[in-house]
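Below, each value reflects all heavy atoms present in this structure, side chains not excepted, and no hydrogens, waters or symmetry copies.
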Amino acid sequence: MQKPLTFLSSLALAAAVALPVAAQDEPGVDTVVATVNDTEITLGHMLVARVTLPQQYQQLPDDVLFKGILDQLVQQTALADSFTGELPPRVTLSIENETRSLTAGEAIEGVMAEDVSDEELQAAYDAQYKDAEPEQEFNASHILVETKEEADAIKAELDGGADFAEIAKEKSTGPSGPGGGSLGWFGPGMMVPAFEEAVAGMEAGSVSDPVETQFGWHVIKLNETRTAEAPALEDVREELETQVRQTKVQDAIESLTEAAEVDRSAAEGIDPTVLKNTEWLN
C-alpha cells in the first residue's frame, strides 16, 4: 500500500501539474475548492495553511503552492475521516490550548487596533522627553593600532603637527581608517566605557593620550560636542503610538484578569515536577 504524500512530495509533483482553472469568477474565503467525503475544503483553509508555512516554502511559485497545499489538505481530511475511536489527550488538549491562544490573540489585536488620541500621544511624549536631562553628544575621530608603542609614536607625530586624518588613513587598523578615522556623532552608551570616559574628559579640538580598549590602542581627537535636543513629537509619533498601544494591552490583560473569577487553590500542593509526566498525554 502506498504511503500518503507528504507536503514536500506534493509540492514536487505539483511543479509538473498545471493549476486547475478557477470554478468561480469571484472566489473568496468560503469558496469550496474540494470535498472529501462530506467535508468541504475552502480557499480559507488553504490561505491559513499557506501563511503558516515556513518562509522558504512561501517563496515557491503560486501554482506549486496551490497544488501542494490542496493535496495536503485532501490527504489530511481523508486520514482524519479514517480515524476511529477517541482522540488521545495530547490532541484534544492541544486543540483547546490553540483555540484559547488564538482567541486571546484576537482580543489583543482588538486593543492594538484602537485609535491613539492626541492627548494620549502627548502624555507619552511628555513622560519620556519633557523632564529628561539633555545628553551630551560627541563627534570624534580615532586612530586604532595594536600596541601602546605604536600609539605613543602616533601621538608624538600628531603633537609635532602631523595631520590626524592622513595618519588615520595610513596607520589605523579600524574600519574608520579610510575615512580619516571619523566616528561621527555618538552619545552616552554607544562606545565602550574606556573610550567614552576618555572622550567625556576632553575638550573640543584636543587629542588624547593612548587609550586601551578590548579592540586595541586608540588615539582620539574630539572634533565637536553638542547638547542633544529632544526629538519633535512628529519624529517619534510611530514609536509612541506603539508604546501607547502596548501599554493599553498590558492594562487590559491586568484589568480583565483581576475582574475574572480566578481560583488557583486547586494548584496548591501539587508537585511542579508532574509537568514532566508527558506519558499522561498518550
Pair up each side-chain donor or acceptor in residues 197-210 with any protein partner under 3.5 Å, not counting sequence neighbours, and list the distances.
{"from": "Ser206", "atom 1": "OG", "to": "Glu203", "atom 2": "N", "distance (Å)": "3.3"}
{"from": "Ser206", "atom 1": "OG", "to": "Glu203", "atom 2": "O", "distance (Å)": "2.6"}
{"from": "Ser208", "atom 1": "OG", "to": "Ile220", "atom 2": "N", "distance (Å)": "3.0"}

So do the side chains of Arg50 and Phe66 get within less than 4.5 Å of each other, counting heavy atoms only?
no
Residues Lys67 and Asp63 bridged, charged N to O under 4.0 Å
no
Check side-chain hydrogen bond (donor to acceptor under 3.5 Å, both in side chains) between Glu137 and all other residues, then give those that pass, not counting sequence neighbours.
Arg226
Locate the shortest heavy-atom distance separating Leu65 from Leu60; write the atom from each residue and the value.
CD1-O, 3.7 Å
Report all side-chain donor-acceptor pairs from residues 169-177 shorter than 3.5 Å, counting only partners two or more places apart or in another chain.
{"from": "Lys171", "atom 1": "NZ", "to": "Glu157", "atom 2": "OE2", "distance (Å)": "2.6"}
{"from": "Ser172", "atom 1": "OG", "to": "Leu144", "atom 2": "N", "distance (Å)": "3.1"}
{"from": "Ser172", "atom 1": "OG", "to": "Gly174", "atom 2": "N", "distance (Å)": "3.4"}
{"from": "Thr173", "atom 1": "OG1", "to": "Leu144", "atom 2": "O", "distance (Å)": "3.0"}
{"from": "Ser176", "atom 1": "OG", "to": "His142", "atom 2": "NE2", "distance (Å)": "3.2"}

With Phe215 via ring-ring contact (aromatic ring centres under 6.0 Å, His included) - residues at least two apart
none
Among residues at least two apart in sequence or on other chains, which ones pass side-chain hydrogen bond (donor to acceptor under 3.5 Å, both in side chains) with Thr147?
Glu150
All heavy atoms of Phe164 vs all of Val219, minimum pair found to be CZ-O, 3.5 Å
Show the atom names and distances, to 0.1 Å, of all donor-acceptor pairs under 3.5 Å that link a side chain in residues 274-281 to residues at least two apart or in another chain.
none

Point-to-point distance, once rounded to the nearest 0.5 Å, from CD of Glu98 to CG of Leu102:
4.5 Å
Partner residues of Asp126 under the side-chain hydrogen bond (donor to acceptor under 3.5 Å, both in side chains) criterion, sequence neighbours left out:
Gln122
Should Leu183 and Ile143 be counted in the same cluster of Ile, Leu, Val, Met, Phe, Trp and Tyr side chains packed under 4.5 Å apart?
no
For the CE atom of Met191 and the NE2 atom of His218, what is their distance to the nearest 0.5 Å?
9.5 Å
Hits for side-chain hydrogen bond (donor to acceptor under 3.5 Å, both in side chains) against Ser265, two or more places apart or cross-chain, chain-then-number order -> Asp263
How close do Ser141 and Gly180 get, heavy atom to heavy atom, and via which atoms?
CB-O, 4.2 Å
Treat each ILVMFWY residue as a node, draw an edge where side-chain heavy atoms are under 4.5 Å apart, and state whether Val91 and Phe83 are in one component.
yes
Using a 6.0 Å cut-off, check whether atom CD of Glu238 has over 12 heavy atoms from anything other than its own residue.
no
Report all side-chain donor-acceptor pairs from residues 228-235 shorter than 3.5 Å, counting only partners two or more places apart or in another chain.
{"from": "Glu234", "atom 1": "OE1", "to": "Arg237", "atom 2": "NE", "distance (Å)": "3.1"}
{"from": "Glu234", "atom 1": "OE2", "to": "Arg237", "atom 2": "NE", "distance (Å)": "3.2"}
{"from": "Glu234", "atom 1": "OE2", "to": "Arg237", "atom 2": "NH2", "distance (Å)": "2.7"}

Please list, one pair per line, the donor and acceptor atoms closer than 3.5 Å that link side chains of residues 249-262 to other protein atoms, with sequence neighbours excluded.
{"from": "Gln250", "atom 1": "NE2", "to": "Glu254", "atom 2": "OE2", "distance (Å)": "3.3"}
{"from": "Thr257", "atom 1": "OG1", "to": "Ile253", "atom 2": "O", "distance (Å)": "2.6"}

Where at least one partner belongs to residues 99-110, residue pairs that pass side-chain hydrogen bond (donor to acceptor under 3.5 Å, both in side chains), sequence neighbours excluded:
Asn97-Arg100
Single-linkage hydrophobic cluster, 4.5 Å side-chain cutoff, Val116 and Met112 together:
no
Hey, any chance Val211 and Ile167 share a hydrophobic cluster, counting ILVMFWY side chains that come within less than 4.5 Å of each other, even indirectly?
no
How long is the gap from CG on Leu222 to CG on Asn139, to the nearest 0.5 Å?
8.0 Å
I need the minimum non-hydrogen distance between Glu120 and Val244, along with the two atoms involved.
O-CG2, 4.0 Å
May I have the list of side-chain donor-acceptor pairs in residues 37-49 shorter than 3.5 Å, sequence neighbours left out?
{"from": "Asn37", "atom 1": "ND2", "to": "Asp81", "atom 2": "OD2", "distance (Å)": "2.7"}
{"from": "Thr42", "atom 1": "OG1", "to": "Val29", "atom 2": "O", "distance (Å)": "3.4"}
{"from": "Thr42", "atom 1": "OG1", "to": "Gly44", "atom 2": "N", "distance (Å)": "3.2"}
{"from": "Thr42", "atom 1": "OG1", "to": "His45", "atom 2": "N", "distance (Å)": "3.2"}
{"from": "Thr42", "atom 1": "OG1", "to": "His45", "atom 2": "ND1", "distance (Å)": "3.1"}
{"from": "His45", "atom 1": "ND1", "to": "Thr42", "atom 2": "N", "distance (Å)": "3.0"}

Glu133, CD atom: more than 12 neighbouring heavy atoms under 6.0 Å:
no
Is the closest side-chain heavy-atom distance between Val236 and Gln128 below 4.5 Å?
no
Is any side-chain heavy atom of Val111 closer than 4.5 Å to a side-chain heavy atom of Arg245?
no
Looking only at heavy atoms, the pair that brings Asn282 and Arg90 closest together is OD1-NH1, 3.6 Å
Examine Tyr125 and Leu121 and state if one hydrophobic cluster contains both, with Ile, Leu, Val, Met, Phe, Trp and Tyr joined whenever side-chain heavy atoms are less than 4.5 Å apart.
yes
Result of checking Val33, Val36, Leu79 against Val74 for side chain to side chain contact (heavy atoms under 4.5 Å, CB included):
Val36
Working note: Trp185 + Glu224, criterion side-chain contact (heavy atoms from CB on, under 4.5 Å); need CA distance, chi angles, decisive distance, verdict.
CA-CA 9 Å; Trp185 288 99; Glu224 308 178 62; 3.7 Å; yes
